[in-house]
Amino acid sequence: MPGSDDEDFELSTREKKRRKKHSKKHSKKEKKKSKSSSTKKRPRPIKSSSDDDFHSAPKQKNGKRSVAKPPTQLKKLEKTDRLNYAMQAFLWWEAPEPRPGCQWDTMEHAGVSFPEPYVPHGVKMLYDGEPMDLTAAEEEAATFFAAMDQDGMHLGNPKTAPIFIKNFFADFRSVLGRKHVIKNFDKCDFGAIRKHLNEQKMIKKAITEREKAVRKDVKNDALYKFGYCLVDGHLEKVGNYNMEPPGTFRGRGEHPKMGKLKQRVLPEQVFINVSECVGVPPCSVDGHAWGDVRHDPCVMWLGQWKENINNQVKYMQLAAQSSFKGKSDRSKYNKAAKLCAFIGKIRKAYKSKLKAKELEDRQLATAMWVIDRLALRVGGEKDTEEEADTVGCCSLRVEHLHFDPNEEGDDNCEIELEFLGKDSMLFKQTIDFGATMYTENNGMGEEVYKNFVKFVKNKKKTDEVFDTLTPSSLNSHLKELMEGLTAKVFRTFNASLTLQEELRKTEQSGSWKTLSAAEKVVEYNNANREVAILCNHQKTVSKAQENQLENIGNKLETLKHQKKVLKSILIRHAKGDKEVPLKKPEKELKEAADQAILNAKRMKEEAKTDEDKIKATHADEEAKQQRREATQSKFIQAHLWDKVPTKEQVCKRITLWTTKIAKMEMNLKHRDDNKEVSLGTSKINYMDPRITVAWCKRNEVPIEKIFSKTLRDKFNWAMSVPPNLEFNAELAK
DNA sequence: AAGTGTACTTAGGACCCCCGCC
DNA sequence: GGCGGGGGTCCTAAGTACACTT
């Protein structure tokens with residue numbers, strides 16, 4: 001595939017195939033859209049515009065070229081839309097399977113896109129007060145550090161900051177070379193570079209609409225060139241076609257390697273996977289070539305390279321909405337559904353082993369219970385010299401178990417599990433193994449508790465609880481119970497089943513039928529939240545969010561105070577006292593703020609130099625702050641009047657404030673409940689989408705209210721299920 | 001049987017942009 | 001009509017699983 005770099009990569013033969021699909025689907029959609037069209041029988045309604053546009057730049061959106069067309073012309077779609085139609089045309093779940101063991105027969109793509117080379121800014125860091133002359137590579141490394149947020153999750157955390165700095169400085173010094181004067185981090189001052197970067201941000205903020213459009217076009221050009229892949233004649237979206245740029249490694253938690261320099265990856269380090277018959281995509285960097293070209297139809301990756309931090313392979317793959325991912329997603333959910341038929345047998349099997357003589361059997365049974373009931377991950381072994389110290393089921397250590405955490409005495413069956421899981425997210429739950437939820441219906445809570453007591457006996461804090469188990473031994477046992485069963489299937493299974501049960505509860509409530517779609521969505525999110533809690537999907541509350549929460553809290557306090565004042569006014573009224581507090585003039589503040597905003601806007605428009613742009617952004621930020629203050633002062637006396645109010649006015653306002661307070665309290669509670677729970681992860685990865693689709697259909701909730709466009713594309717295979725669908729073993733057939 | 005390598009899924013945070021609210 | 005917050009997307013780290021090697 002020779003094709004020059006300037007054009008969208010050539011699609012000669014595949015283009016024909018694509019168009020076939022494209023026009024089919026497209027014509028359907030178009031017919032719907034253009035009822036007025038008199039040319040219904042036109043075989044390929046958008047043929048002409050589509051054909052000559054596919055290769056041309058996307059800039060001519062509003063098509064000056066279409067001057068001569070009749071008024072009945074169809075709406076001209078943007079290139080992205082047309083490509084989307086082309087992709088949607090392929091219903092892989094209705095198409096024949098590829099050869100066994102293979103993912104594809106032919107695959108063609110444009111390879112990886114690389115970031116621009118580093119352009120030095122010339123701003124000097126100080127060492128011991130002296131400005132330093134650095135080479136481009138040295139300056140780049142210094143700039144990576146300067147770009148780090150001082151209050152962020154790495155440098156803002158006193159536990160991780162020293163690790164980050166130590167690693168960064170070691171790598172920085174090796175870039176500088178041994179003889180360089182820079183030897184001590186404490187004498188380094190990156191302030192000037194940091195200031196420069198902030199200024200660049202300011203300049204970027206002062207961008208005009210036109211510049212914005214240009215930027216978007218450039219981005220789209222890259223998307224059209226690299227973002228699509230042709231698999232067996234079908235257009236598919238590529239997930240990550242941009243090579244990861246160099247920078248500092250941002251490992252999570254207490255990752256021992258955080259701060260190390262992540263090197264720039266050259267084309268020579270990249271392997272490309274394409275089919276033999278289509279030719280190799282040209283390397284997009286002048287004077288460079290791919291490290292290797294493979295033709296392996298057994299794998300789904302399009303490109304791979306090794307990163308220098310952990311020496312791990314990274315891949316370029318198709319996007320989540322592609323057929324490859326869709327197929328494996330569907331089979332994942334089918335496997336989980338299949339577990340419905342086996343779960344009874346499996347629970348019986350591990351119940352009988354909970355009291356086995358062999359320690360290994362007991363541990364196996366106990367671990368199975370943990371994975372099944374607590375939805376823990378399997379927990380592979382980790383090297384704490386190389387990675388953060390996080391654990392899962394098999395790697396749990398004695399120190400992660402706290403018996404009788406509330407010091408209620410020996411006769412309770414409570415254990416607090418406290419450990420860092422994947423991504424160093426804290427798992428902290430007290431499990432009462434004697435509670436009904438773990439004992440009813442063959443829950444086995446008490447037996448499991450006894451086993452835990454036994455397993456930790458005479459062990460050191462740092463010993464593993466399940467010392468006889470490994471993920472692979474556990475998984476090979478699971479394979480004996482059900483074909484293809486592994487530990488992670490339990491998470492999918494439990495998440496999906498929980499969603500189904502919680503959703504069923506919603507439908508059974510008395511007032512369900514009277515709820516609006518929006519109210520039903522709230523109920524769906526509540527069900528979703530139960531799943532997220534089960535899977536321990538969390539998000540850390542950022543400082544901004546915390547502030548926001550605090551602000552709402554303060555506002556609430558103000559409202560409550562205002563209500564009190566209103567009541568006191570009412571009392572004074574009754575006494576005939578006309579001395580009530582009145583509004584102070586606030587107009588001036590507001591007007592000044594408005595004026596400042598106008599000024600800033602003008603500055604932005606008139607800005608020519610970078611300096612002007614920085615000034616404009618500053619002015620804009622200050623003006624906005626001024627306006628916030630004006631709004632704030634308005635809010636503080638919003639309950640008052642300009643002149644003495646009547647009794648009715650006061651009464652009315654008290655009622656209004658009561659509803660305001662109630663509303664805000666709800667809002668606050670809602671935010672507080674959700675601030676640490678992340679609903680997205682379970683929606684994307686764990687809950688069978690067919691359950692959601694069926695629920696939406698049964699309850700006349702538009703699917704758009706639950707699944708975003710990307711999710712609807714990702715789950716396109718699940719959209720046609722019947723409204724009465726149940727998540728059970730039938731699905732797997 | 002443990003170690004190593006490969007390929008894939010799962011994950012949270014940063015950032016951006018759009019839509020509902022004032 | 002403007003703006004701020006939140007949803008959505010992007011980014012890439014961090015898991016699981018399993019084949020293959022030693």
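Below, each value reflects all heavy atoms present in this structure, side chains not excepted, and no hydrogens, waters or symmetry copies. Just so it is clear, the model here is predicted, and its values are computed rather than measured. Order of the sequence lines fixes the chain letters, A, B, ..., with proteins taken first and strands second; residue numbering starts at 1 for each chain.
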List in chain and number order the residues that pass ring-ring contact (aromatic ring centres under 6.0 Å, His included) with A/F419, two or more places apart in sequence or in another chain; answer none if no residue qualifies.
-> A/F427
Could you check how far NZ of A/K539 sits from P of C/dG8, rounded to whole Å?
-> 12 Å
Please state how far atom CE in A/M316 lies from atom P in C/dC10, giving the value in whole angstrom units.
-> 15 Å
Could you tell me the separation between the CD atom of A/Q304 and the P atom of B/dT6, rounded to a whole number of Å?
-> 7 Å
For C/dG8, does OP1 or OP2 lie under 4.0 Å from any side-chain N or O of A/K709?
-> no
To the nearest Å, give me how far apart CG (A/L302) and C1' (B/dC8) are.
-> 13 Å
Whole-Å distance, A/K675 NZ to C/dG6 P, equals 14 Å
Between B/dT10 (P) and A/Y333 (OH): distance, integer Å = 7 Å
Is the NZ atom of A/K479 crowded by more than 12 outside heavy atoms at less than 6.0 Å?
-> yes
Not counting sequence neighbours, list each pair that qualifies as a side chain to side chain donor-acceptor pair (under 3.5 Å) and has a residue in residues 377-388 of chain A.
-> A/K257-A/E386, A/K382-A/T390
Which pairs pass salt bridge (Lys or Arg N to Asp or Glu O under 4.0 Å) with one or both residues in residues 291-306 of chain A, sequence neighbours excluded?
-> A/D292-A/R294
List in chain and number order the residues that pass side-chain hydrogen bond (donor to acceptor under 3.5 Å, both in side chains) with A/N240, two or more places apart in sequence or in another chain; answer none if no residue qualifies.
-> none
Partner of A/E244 under salt bridge (Lys or Arg N to Asp or Glu O under 4.0 Å), picked from A/R264, A/K262, A/R250, is A/K262
Euclidean distance, atom OH of residue A/Y315 to atom P of B/dG5 [Å, nearest integer] | 12 Å
For A/F144, enumerate each residue passing the ring-ring contact (aromatic ring centres under 6.0 Å, His included) test, keeping only those at least two apart in sequence or located in another chain.
-> none
For A/F249, ring-ring contact (aromatic ring centres under 6.0 Å, His included) partners two or more places apart = A/H255
For A/K714 and C/dC10, what is the distance between atoms NZ and C1' respectively, to the nearest whole Å?
-> 15 Å
Describe the nucleic acid contact of A/S328 in one word from base, sugar-phosphate, nothing, applying a heavy-atom distance below 4.0 Å.
-> sugar-phosphate
Apply ring-ring contact (aromatic ring centres under 6.0 Å, His included) to A/F168 and list each qualifying residue two or more places apart in sequence or on a separate chain.
-> A/F145, A/F172
Of A/R491 and A/V313, whose closest DNA chain B nucleotide lies nearer the 5' terminus?
-> A/V313
Sugar-phosphate atoms are those with a prime plus P, OP1 and OP2; base atoms are the rest. Using that split, label each nucleotide of nucleotides 14-22 of chain B B, S or - for protein heavy atoms under 4.0 Å, 5' to 3'.
-> --S------
Letter by letter from the 5' end, nucleotides 12-22 of chain C scores (B base, S sugar-phosphate only, - none; protein heavy atoms under 4.0 Å) BSBSSSS----
Across the strands shown, which category fits A/Q103 at heavy-atom distances under 4.0 angstrom: base, sugar-phosphate, nothing?
-> sugar-phosphate
Between B/dG12, B/dT9, B/dC8, which nucleotide has the shortest distance from any of its atoms to the side chain of A/H537?
-> B/dG12
